[in-house]
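The structure under discussion appears below in the form of structure tokens.
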Protein chains: 2
Amino acid sequence: MQVLRDHFEKIIPLSDAEFAYISSFFKQRKVMKKQFLLQEGDPVMHEYFVVKGCLKAYVVDSADKVHILSFALADWWTSDYQALYTHTPSSIFLEAVAPTEVYYIAQEDKERLCAEMHKVEHFWRKKNAMGYVGLQRRILSMLTHNAKDRYEQLLQQYPSLFQVVPKQDLAAFLGVSRETLSRLYSKKSG
Amino acid sequence: MQVLRDHFEKIIPLSDAEFAYISSFFKQRKVMKKQFLLQEGDPVMHEYFVVKGCLKAYVVDSADKVHILSFALADWWTSDYQALYTHTPSSIFLEAVAPTEVYYIAQEDKERLCAEMHKVEHFWRKKNAMGYVGLQRRILSMLTHNAKDRYEQLLQQYPSLFQVVPKQDLAAFLGVSRETLSRLYSKKSG
DNA sequence: AAATTCGTGTGATATAGGTCACATTACCCG
DNA sequence: CGGGTAATGTGACCTATATCACACGAATTT
């Protein structure tokens with residue numbers, strides 16, 4: 001669990017005892033490519049920390065089209081947060097894009113840790129704040145840029161995504177059809 | 001500052017002394033319609049809590065088009081968070097859409113309050129978590145719905161916006177041109 | 001109340017991107 | 001290694017939305 005400790009310690013310093021306590025609430029799980037951590041309708045109980053691999057969180061609309069809400073690479077947290085916080089069934093699928101290893105914690109244990117250790121609550125406040133800013137940037141990118149520019153931004157910001165995630169998934173994340181995405185760099189320009 | 005106290009107490013109960021301490025860090029400010037709390041390039045030092053009125057946060061692109069990142073009605077927090085956290089100049093404009101009254105707190109005072117009072121850190125973790133979920137929903141809405149559906153969702157979710165905000169601003173928030181928005185409910189359908 | 005400015009509606013036209021259909025290639029897996 | 005499935009490329013065509021231009025009425029300002 002050293003990766004997890006390093007991850008926490010980027011924001012809050014921890015003694016061995018403190019980390020031992022925190023980590024006692026986490027479990028490990030490995031999923032193969034195309035396996036699910038969550039499917040639509042499932043109860044959502046955990047938040048997942050990706051150690052290696054990649055998860056995609058997506059919805060499927062009434063026309064069976066996939067829309068990707070987020071990718072989670074190593075060092076990212078993911079879940080269906082809306083469902084987690086409101087105790088409603090999952091409205092998303094959480095699926096491994098590649099062989100993936102996660103640590104996960106039950107929502108109630110996380111709340112308990114936050115209540116018991118101010119530091120830990122601080123950690124998650126900071127994480128949430130960063131996540132919020134990241135989503136704002138994505139919204140701004142959707143409002144201000146066309147498909148090609150968004151694709152290039154993504155490429156710049158997360159080059160490692162492109163080694164793991166099929167282009168059709170990137171298209172479903174950017175909000176364009178896979179055909180259009182394909183044409184962006186055959187027709188060429190830029 | 002009763003509204004602010006009520007707002008905090010929706011999440012954390014406070015004694016008079018505690019609230020007195022918290023509120024000692026807040027100041028009040030009133031802005032008229034079309035006045036700015038932030039302009040692009042300004043240093044960003046505060047987070048704003050809207051007591052009444054409405055603020056819009058937006059960017060202006062190279063073609064002078066306005067893209068609205070968020071509206072803040074009564075009981076909402078707003079600022080340029082990215083700039084606030086990274087101590088960089090504002091990249092947005094924060095402008096009153098109607099006569100508006102805010103309480104505001106310096107970022108460093110907020111951090112201090114969070115460090116001193118676990119409760120307060122809890123409050124903001126919860127707020128951030130809710131905000132994160134809200135942005136995810138907006139992204140999903142942009143990915144899965146066309147302009148008309150998004151407009152109707154917005155209408156449903158924030159009916160009060162429509163009494164304060166001109167339609168061209170709603171268009172700039174939804175990511176459509178004002179002309180298209182105008183046509184959505186003249187051509188009719190739905 | 002005249003003059004500006006602001007918000008809105010609407011026509012004509014342009015375009016980015018979507019959809020459908022099929023071919024091609026890469027990737028698994030037995 | 002050979003067959004099947006998954007991912008990608010590409011052509012032809014379609015559609016939602018953008019853009020430009022202008023008119024009109026409501027609000028603000030003086």
Side-chain angles (χ1 to χ4, degrees), chain A residues 31-36 53-54 56 58 60-68 71 93 95-99 141-155 161-190, chain B residues 31-35 54 56 58 60-68 71 93 95-99 141-155 161-190:
Chain A
V31 280
M32 297 182 313
K33 195 168 165 171
K34 290 183 196 204
Q35 275 193 332
F36 294 94
C54 181
K56 61 179 173 184
Y58 63 93
V60 180
D61 70 16
S62 50
D64 287 324
K65 271 183 46 175
V66 167
H67 305 276
I68 297 185
F71 293 110
F93 295 87
E95 179 187 336
V97 174
S141 169
M142 295 177 88
L143 288 176
T144 58
H145 295 295
N146 62 20
K148 192 176 96 203
D149 292 348
R150 294 204 304 278
Y151 181 77
E152 274 154 24
Q153 276 189 359
L154 188 66
L155 194 96
L161 261 189
F162 294 73
Q163 283 135 17
V164 190
V165 177
K167 299 219 173 82
Q168 57 188 336
D169 283 353
L170 298 175
F173 176 84
L174 292 170
V176 269
S177 69
R178 53 163 210 87
E179 292 95 329
T180 295
L181 185 65
S182 166
R183 285 174 182 121
L184 291 182
Y185 48 96
S186 63
K187 302 259 165 166
K188 194 60 280 271
S189 49
Chain B
V31 281
M32 296 183 312
K33 194 168 165 169
K34 288 180 199 206
Q35 275 193 332
C54 181
K56 61 178 172 184
Y58 63 94
V60 180
D61 71 16
S62 50
D64 288 324
K65 270 182 46 173
V66 167
H67 306 276
I68 297 184
F71 294 109
F93 295 86
E95 180 186 334
V97 173
S141 169
M142 295 176 89
L143 288 177
T144 59
H145 295 295
N146 62 20
K148 193 176 95 203
D149 292 349
R150 295 204 303 278
Y151 182 78
E152 273 154 25
Q153 277 188 359
L154 188 66
L155 193 94
L161 261 189
F162 294 72
Q163 283 136 17
V164 189
V165 176
K167 298 215 174 86
Q168 56 188 337
D169 283 354
L170 298 175
F173 176 85
L174 293 171
V176 270
S177 69
R178 54 163 209 85
E179 293 95 329
T180 295
L181 185 64
S182 166
R183 284 174 183 121
L184 291 182
Y185 48 98
S186 63
K187 302 258 164 165
K188 192 58 289 261
S189 49

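Here is how names work: the chains are called A, B, and so on, in the same order as the sequence lines, proteins then strands, and each is numbered from 1.
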Between A:Q35 and A:E95, is there a side-chain heavy-atom distance shorter than 4.5 Å? no

Atom CG of B:L184 and atom P of C:dG9 are separated, to the nearest Å, by 11 Å

Quick note, A:S177 side chain, CB onward, closest among C:dG9, C:dC6, C:dT19 is C:dT19

note: B:K33, atom NZ; C:dT5, atom C1'; distance rounded to Å ~ 12 Å

Here the distance between atom C1' of D:dC14 and atom CG of B:N146, to the nearest Å, is 16 Å

Between NE2 of B:H145 and C1' of D:dT17 the distance, given in whole Å, is 18 Å

Heavy-atom donor-acceptor pair, B:Q168 side-chain to C:dC6 base, under 3.5 Å: no

Worksheet item: D:dT17 base to B:R150 side chain: any donor-acceptor pair below 3.5 Å?
Response: no

Of C:dG17, C:dG11, C:dG9, the nucleotide closest to the side chain of B:R183 is C:dG11

Identify every side-chain donor-acceptor pair in residues 161-168 of chain A under 3.5 Å, counting partners at least two apart or on other chains, and give the distances.
residue, atom, partner, partner atom, Å
A:K167, NZ, A:Y185, OH, 3.4

Separation of C:dA16 atom C1' from A:L181 atom CG, nearest Å, is 14 Å

In whole angstroms, the gap separating P of D:dA6 from CG of A:L170 amounts to 19 Å

Checking C:dT8, D:dT10, C:dG17 against the side chain of A:E179 (C-beta onward), the nearest is D:dT10

In short, the helix from C:dA1-D:dT30 to C:dG30-D:dC1 is bent end to end, axes from five pairs each side, to 10°, by 60°

**Prompt:** So A:F173 and A:F71, would you call those rings parallel, tilted or perpendicular, with 30° and 60° as cut-offs?
**Reply:** tilted

note: A:L174, atom CG; C:dG18, atom P; distance rounded to Å ~ 11 Å

Going by modelled atom types, is there a donor-acceptor pair between the base of C:dG7 and the side chain of B:R178 at under 3.5 Å? no

